[in-house]
Amino acid sequence: MSAFKSDFLRILSERGFVHQTSDDAGLDKLFATETVSAYIGFDPTAPSLHAGGLIQIMMLYWMQQTGHRPVALMGGGTGMVGDPSFKDEARKLMTVDTIQQNIDSIKKVFSNYLNFGDGPRDALMVNNADWLRPLNYLEFLRDVGQHFSVNRMLSFDSVKLRLDREHSLSFLEFNYMILQAYDFVELSKRYGVRLQMGGSDQWGNIVNGIDLGHRMGTQQLYALTSPLLTTSSGAKMGKSLNGAVWLNADMLSAYDFWQYWRNTEDADVERFLKLYTTLPMDEIARLGKLGGSEINDAKKVLATEVTALLHGREAAEQAAETARKTFEEGAFADTLPTVEIGKDELQAGIGLLSLLVRAGLATSNGEARRHVQGGAVRVNDEPVSDERRAVNAADLTADDVVKLSLGKKKHILVRPA
């Protein structure tokens, strides 16, 4: 379909969110004529989502901005089973308490993007444990299981991948796609949900839900998937050299989050501005045309805008200013990430390699040693080549900190505690 008429699908399409829909014309007409409820499911496998999940949150954001009702579904029930999609091995099973703790922690992020409430366009957050945990197994097999063809389920890419590689696929995981399809039916009946959105790897699961809904008497249901994103160099979104780029501030500082986006590859800047910010398209087009060293200005705008949505405008601008002071003035900025070391330990001296590990600039002494040998480590902006060097109280500056740097972009302040 060349052009969508509804505001929601037009915005999603021009910003690059749409990979596939089950019915372009039908879905467009629905959004143009009704207030639509649509959902995306989120797995509570950790206390925070990471940047790879931001594309889904932004889809819910644009739903609400165009007058519709977004539904964030927390997988408190399905989380007890685990999504096998495109995984080589089964997820580790979590306890009910761990799942609930993760959900409570994940919830904090959504209120930065969505307005929750009881109104027709207010966002909802629901937990599929509410209907999955009380299910009677025999009744579920009879009423829902009868509608599923094992032959068809075996044909899904997510299942074939595991079987082709001769990896085990447990009966527990095989049930996941039935449960996800049932979620769609329950959400349709309980909240009038008409659309499920997700990454393109979820297409088979979503279409399963549409088919089950048809067989169980729901209204016509729809699917919309977004492209699975990687960076231009092929790296997975939401992963950095130091691990996952978490969305919760207690797991990753606003400054480190800002830095992740500031380090975007040149070829990704315009695409990421469309997906992850709310800037107008003409402004994005202007920024996308910047070349040479000016592309760095566009990257700073990207970093600040994405960080402002998640952490607030003040935190984003503080992160930008911290970076400016650190990189352009060479000054120490109080808002740099810090690691505290006991005064006695610092007085006695701590090995540089172990300090790099404790500061999160390396994952092991061996990696830290390679950084030092490669000339990437500086203490108080002075290059260090001796891997046996100790950092002690004599290194404290007038600000009572030691600045530890890896390369040009990673800095940690070591403070005596």
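- Under the side chain to side chain contact (heavy atoms under 4.5 Å, CB included) criterion, Ser385 pairs with no residue at all, not counting sequence neighbours.
- Using a 4.5 Å cut-off on side-chain heavy atoms (C-beta onward), Gln220 and Arg194 make contact.
- The local environment of CD in Gln347 is sparse, with at most 12 non-hydrogen atoms from other residues, nucleotides or ligands closer than 6.0 Å.
- Not a single donor-acceptor pair under 3.5 Å links the side chain of Thr277 to the backbone N or O of Leu302.
- Sorted by first and then second residue, the salt bridge (Lys or Arg N to Asp or Glu O under 4.0 Å) pairs with a member in residues 103-128 form an empty list; sequence neighbours excluded.
- Within 6.0 Å of atom CG in Asp344, 12 or fewer heavy atoms from other residues, nucleotides or ligands are found, so the atom counts as exposed in its surroundings.
- Annotation: side chain to side chain contact (heavy atoms under 4.5 Å, CB included) contacts of Asn365 (sequence neighbours excluded): Leu353, Ser354, Val357.
- Evaluation of the ring pair (Phe, Tyr, Trp, His ring centres under 6.0 Å) rule for Phe31 yields Phe8, His68 as partners, not counting sequence neighbours.
- Phe148 pairs by the ring pair (Phe, Tyr, Trp, His ring centres under 6.0 Å) definition with nothing, not counting sequence neighbours.
- At a cut-off of 3.5 Å, with distance as the only test, a side-chain donor of Gln202 or Gln180 sits close to an acceptor on the other residue.
- Shown here are the side-chain hydrogen bond (donor to acceptor under 3.5 Å, both in side chains) partners of Glu283, two or more places apart in sequence or in another chain: Arg286.
- Applying the ring pair (Phe, Tyr, Trp, His ring centres under 6.0 Å) rule to His311 yields the partners Phe257; only residues at least two apart in sequence or on another chain are considered.
- To the nearest 0.5 angstrom, Glu345 atom CD is 4.5 Å from Ile350 atom CD1.
- Under the side chain to side chain contact (heavy atoms under 4.5 Å, CB included) criterion, Glu265 pairs with Thr231, Ser232, Ser233, Asp268, not counting sequence neighbours.
- Side-chain contact of Asp24 with Thr21: a donor-acceptor pair under 3.5 Å is present, judged by distance alone.
- A ring-centre distance under 6.0 Å is not found for Tyr191 and Tyr39.
- Contacts of Asn128 classified as side chain to side chain contact (heavy atoms under 4.5 Å, CB included), with partners at least two apart in sequence or in another chain: Leu73, Thr78, Trp131, Leu132, Asp183.
- Here Trp246 pairs with nothing under the side-chain hydrogen bond (donor to acceptor under 3.5 Å, both in side chains) rule; sequence neighbours left out.
- Take Gln64 and apply the side-chain hydrogen bond (donor to acceptor under 3.5 Å, both in side chains) test, not counting sequence neighbours, and it matches no residue.
- Residues satisfying the side-chain hydrogen bond (donor to acceptor under 3.5 Å, both in side chains) criterion with Ser6, sequence neighbours excluded, are Asp28.
- Considering Arg262, Lys299, Arg313, Lys300 as possible partners of Glu305, the one that fulfils the salt bridge (charged side-chain N to carboxylate O under 4.0 Å, His left out) test is Arg313.
- Put simply, the side chain of Val391 does not reach to within 4.5 Å of the side chain of Val414, judged on heavy atoms.
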